[in-house]
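Just follow the structure's listing: the first ligand is 1, and inside any ligand the first atom is 1.
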Amino acid sequence: MALWTDFKREKILVDGRWLDAGSGAVVDVSNPATGERLGSIPNAGRAETKAAIEAAHAAFPAWSARTAAERAELLRALAAAITENKDALAELLTREQGKPLAEAKGEVGASAAYILWFAEEARRVYGDVIPSPWADRRILVTKEPVGVVAAITPWNFPSSMLARKIGPALAAGCTVVAKPATQTPYSALAWGVLAEKVGIPAGVINIVTGSASQIGEELTSNPLVRKLTFTGSTSVGKVLIKQCADTVKKVSMELGGNAPFLVFDDADLDRAVEGAMAAKFRNAGQTCVCTNRFYVQSGIYDAFIERLSAATAKLRVGDGLEDGTVQGPLIDDKAVAKVEELVADARDRGGRVTTGGGRHSLGQSFFEPTVIADATPEMKLAREEIFGPVAPVFRFEHEDQVIAAANATEYGLACYFYTKDLGRAFRVSERLKYGIVGINEGLVTTEVAPFGGVKESGFGSEGSKYGIQDYVDTKYVCVGGLGL
Ligand code: NAP
C-alpha cells in the first residue's frame, strides 16, 4: 500500500523531468496543525515557467492528435490511480492543508470523480451541421482544443481544484502548465506522479512552484498559452484578467464568494440547521461556497440561534489526522488574525457571541467554531469573505427585504435557502443573483453540475457538460463549390 510520502515530490515537473529551480532556491512548506516543517519546494520563476510552457506547446500536437477514446482511456486510468491511492493522497492533503482526514478523503474522491467525468466527456465534444442558406455550400462547426492551458489554484482545495482543470483540459486535447498555491503544493505535485504512473506523455502536464508574481507574469504574457483558468481570490483574479488582455487569452475565473443562507419561517428547522453546519464549517469555513451570512426570519430566529449554537459548540477541533476531528486549523496565522478582527468588529457593533469567539486553546492557527447573533449590515463580516468558522446570523421580516440583502454584494457564487413553499422556492431562486443555488440543501457540489459564479465571483463553469466548453475553440468551416 502506498504511503503519503510516496507522493511528496520536492521538485517541479517540466517535460517529464523532475527539476530544481534554476537558482536552487527553495520555499519551506509546513503543516498548519503542528507548525512542523513538511519539506520544501523549488522557488521557480519566469525561466522555469517559460520552459514548462514550451514543453506543453511541444507536447500539444501529438496529444491533441490522439483520438478522444485514447485520451479518455488515460484519464480513466488516472481516475483509477487516484482512487487506488486515496488514503495516501488524503493524508498528504491533510498534512499540508489541515482539513480533517475524512474531508481530505472526500476531496480526493471528488478529484477522481471529476477526472472520470471528463474521461467520459472527452468523447462528447460534438460539433454541428447548420442548415445552409446557399444550395452549393455546407456549413460545419467543429470544436478544437485551445492549446496550452495555464492553471493556477488555491490552497483550500489543492487536489480537486486542479482536477477540475486538468480533467477538461486533457479531455479536450489541451496540454497544461499548473501552478499550485505555495502553502499546499504537494497535492498538485502528486498529479505529476500519478500522470507518470499511468503513462500520460511527458509535457502534457507540467507543474511549477515558486514566485506567484513571476510565474503568473510568464503564464499570462507568453503567447503560447492560449487559456488561463484561475481559482482564487477576486483581487488576484482581476490582476490576471488584466495581464491576459495583451495576448487576448481565453480566461475563466472561479473567484471569491459571500454566500447568503436564508431560512424562512416555514422551513424544516432541523434540516436547515443540518444544512447550515455543512455550508458553514466544512474546511473550517475556508471554502468559496461557505456561508458568510445567515438570514433567519424573525418567527424562528431564536430557535435557529439556539440550535445552531448547540450544534456548533459540539464540533471537535483538532489535528485533522486525529480520529474524531471535524474541524482542523486555519491555513495560517494571518487567516486567524483576519477572523479575529472580523469578530471584534462584530462585537463592537452589537453582535452577541453565543458560542466560541476566539482563538482555540490548542494554539497554532486553531479557531473556535463561532456563532454571532444580532448581526447587522454595518459589520465588516457582512461584506468581506470571512474564510473561517464564524457564523453571523441576521434577522429579517419579509421576502423582498431578504432578497435585497442577499444580493447586496459584489459577489455571486453560491447561495442557499430553506422553505417548504414551492412557489417561494422558484420565486426566490430566480431572484437571487448567484451562479449556484441550494434549495433545502447545504452541500451541492458535484462533478455532474456546473460550478461557477456571476458578478465578481467570476465567469466560466467547472464540471458538468459545460465544463469542457472553455477548453475548446469553435471553428466554422464553409464547404463551397459543391455545384449541387
Ligand atoms: P489567492 O491568494 O488569490 O491565491 C490563489 C493562487 O493564485 C495561488 O496559487 C497563489 O500563489 C496565486 N497567486 C497569487 N498572486 C498571484 C499573482 N500575482 N499572479 C499569479 N498567481 C498569483 O487565493 P487563496 O488565498 O489561495 O484562496 C482563497 C480564495 O480562493 C478565496 O477568495 C476563495 O473564495 C477562492 N476560491 C474560489 C473558488 C471558486 O471555485 N470560485 C474555489 C476555491 C477558492 P501563492 O500561493 O504562491 O501566493
Side-chain angles (χ1 to χ4, degrees), residues 12 27-29 32 41-46 49 96-97 99 107 110 114 150-165 177-189 207-222 225 228-244 251-259 282-292 330-332 334-335 338 384-388 409-415 434-436 444-445 449-463 467:
I12 58 173
V27 190
D28 281 344
V29 179
I41 44 160
N43 191 4
R46 283 196 88 138
T49 309
E96 68 176 348
Q97 204 277 335
K99 67 180 60 179
E107 179 178 342
Y114 276 102
I152 302 181
T153 49
W155 51 261
N156 61 346
F157 288 92
S159 174
S160 63
M161 293 300 105
L162 208 45
R164 288 178 178 185
K165 302 182 188 309
V177 179
K179 185 244 169 273
T182 301
Q183 286 169 304
T184 56
Y186 295 127
S187 294
L189 290 162
I207 306 165
V208 287
T209 59
S211 163
S213 58
Q214 282 197 37
I215 295 171
E217 274 165 25
E218 187 62 34
L219 290 176
T220 52
S221 64
N222 192 315
V225 174
L228 172 76
T229 167
F230 172 73
T231 300
S233 61
T234 295
S235 57
V236 172
K238 287 179 182 178
V239 170
L240 294 173
I241 294 169
K242 285 182 194 142
Q243 287 180 192
C244 283
V251 176
S252 45
M253 292 277 148
E254 296 285 352
L255 307 176
N258 180 357
R282 196 162 58 107
N283 201 12
Q286 304 171 111
T287 88
C288 51
V289 292
C290 269
T291 300
N292 216 55
L330 299 194
I331 189 68
D332 56 22
K334 210 169 118 209
K338 174 164 183 217
E384 292 179 26
E385 211 178 5
I386 302 170
F387 243 57
T409 167
E410 67 272 28
Y411 296 108
L413 187 56
C415 64
Y434 287 83
I436 301 167
V444 297
T445 308
F451 187 104
V454 298
K455 293 161 74 179
E456 292 192 19
S457 289
F459 40 82
S461 295
E462 294 198 319

> Counting only heavy atoms, which portion of Val236 has something under 4.0 Å from ligand 1: side chain, backbone, both, or neither?
Replying inline: side chain
> With respect to Phe230, which candidate in Val239, Val236, Val251 satisfies the side-chain contact (heavy atoms from CB on, under 4.5 Å) definition?
Replying inline: Val236
>> To check your reading of the model: name the closest protein heavy atom to atom 6 (C) of ligand 1, its residue, and the distance in Å.
In response: Thr153 O, 3.5 Å
> Among Arg164, Glu462, Met253, Glu254, which one satisfies side-chain contact (heavy atoms from CB on, under 4.5 Å) with Thr229?
Replying inline: Glu462
> Looking at Met161, which atoms of ligand 1 are within less than 4.0 Å of one of its heavy atoms?
Replying inline: 42 (C)
>> On the six-membered ring of Phe157, is Lys99 placed so that its NZ or CZ lies under 6.0 angstrom from the centre and within 45° of the ring axis?
In response: yes
>> Within ligand 1, which atoms have a heavy atom of Leu240 less than 4.0 Å away?
In response: 19 (N), 20 (C)
> Measuring from Ile241:CD1 to Thr220:OG1, what's the distance to the nearest 0.5 Å?
Replying inline: 12.0 Å
>> Among all the protein's non-hydrogen atoms, which is closest to atom 18 (N) of ligand 1, and how far away is it?
In response: Ser213 CA, 4.2 Å
>> Show the atoms of ligand 1 that are less than 4.0 angstrom away from any heavy atom in Phe387.
In response: 28 (C), 31 (C), 33 (C), 34 (O)
>> Distance check, rounded to the nearest 0.5 Å: Thr291 atom OG1 versus Asn258 atom CG?
In response: 10.0 Å
> What's the spacing between Glu385 CD and Cys288 SG if we round to 0.5 Å?
Replying inline: 7.5 Å
> So which protein heavy atom does atom 12 (C) of ligand 1 come closest to, and at what separation?
Replying inline: Ile152 CG2, 3.8 Å
> Does any N/O atom on Glu385 come nearer than 3.5 Å to any N/O atom on ligand 1?
Replying inline: yes
>> For the CG atom of Asn292 and the CZ atom of Phe387, what is their distance to the nearest 0.5 Å?
In response: 9.5 Å
> Regarding Glu96 and Ser187, is there a side-chain donor-to-acceptor distance under 3.5 Å anywhere?
Replying inline: yes
>> Among all protein heavy atoms in this structure, tell me which lies nearest to atom 46 (O) of ligand 1, with the distance rounded to 0.1 Å.
In response: Thr182 N, 2.9 Å
> What is the distance from atom CD of Gln183 to atom CG of Asp332, rounded to the nearest 0.5 Å?
Replying inline: 4.5 Å
> atom 39 (C) of ligand 1: which of Ser160, Gly453, Gly232, Cys288 has the nearest heavy atom?
Replying inline: Cys288
> What are the atoms of ligand 1, with element, lying closer than 4.0 Å to any heavy atom of Leu413?
Replying inline: 41 (N)
>> Please evaluate residues Lys238 and Leu255 with respect to the criterion side-chain contact (heavy atoms from CB on, under 4.5 Å), reporting the C-alpha separation (whole Å), side-chain torsions for both, the decisive distance (0.1 Å), and the verdict.
In response: CA-CA 9 Å; Lys238 287 179 182 178; Leu255 307 176; 5.8 Å; no
> Going by the order shown, which atoms of ligand 1 are within less than 4.0 Å of some heavy atom of Pro180?
Replying inline: 9 (O)
>> As a check for students: among Leu255, Ile41, Val289, identify the option with a heavy atom nearest to atom 41 (N) of ligand 1.
In response: Leu255
> What residue and atom, counting heavy atoms only, is the protein's closest point to atom 10 (C) of ligand 1, and at what distance?
Replying inline: Lys179 NZ, 4.0 Å
> How far is atom 2 (O) of ligand 1 from its nearest protein heavy atom, and which residue and atom is that?
Replying inline: Ser233 OG, 3.9 Å
> Can you list the ligand 1 atoms lying under 4.0 Å from a non-hydrogen atom of Asn156?
Replying inline: 43 (C), 44 (C)
> Is it true that Glu218 and Arg46 have a side-chain N and a carboxylate O under 4.0 angstrom from each other?
Replying inline: yes
> Which residue holds the protein heavy atom closest to atom 27 (O) of ligand 1, what is that atom called, and what is the gap in Å?
Replying inline: Pro154 CB, 3.4 Å
> Would a 4.0 Å cut-off, counted as strictly less than, catch a protein heavy atom around atom 4 (O) of ligand 1?
Replying inline: no
> Gly256 heavy atoms, cut-off 4.0 Å: which ligand 1 atoms fall inside?
Replying inline: 32 (O), 34 (O)
>> On a heavy-atom basis, I'd like to know which of Gly210, Gly216, Ala212 is closest to atom 17 (C) of ligand 1.
In response: Ala212
> Do the side chain of Thr49 and the main chain of Ile215 share a donor and acceptor less than 3.5 angstrom apart?
Replying inline: no
>> Leu240 vs Ile152, test: side-chain contact (heavy atoms from CB on, under 4.5 Å). Steps then yes/no.
In response: CA-CA 10 Å; Leu240 294 173; Ile152 302 181; 4.0 Å; yes
> Which of these, Trp155, Tyr411, Phe451, has its nearest heavy atom closest to atom 26 (O) of ligand 1?
Replying inline: Trp155
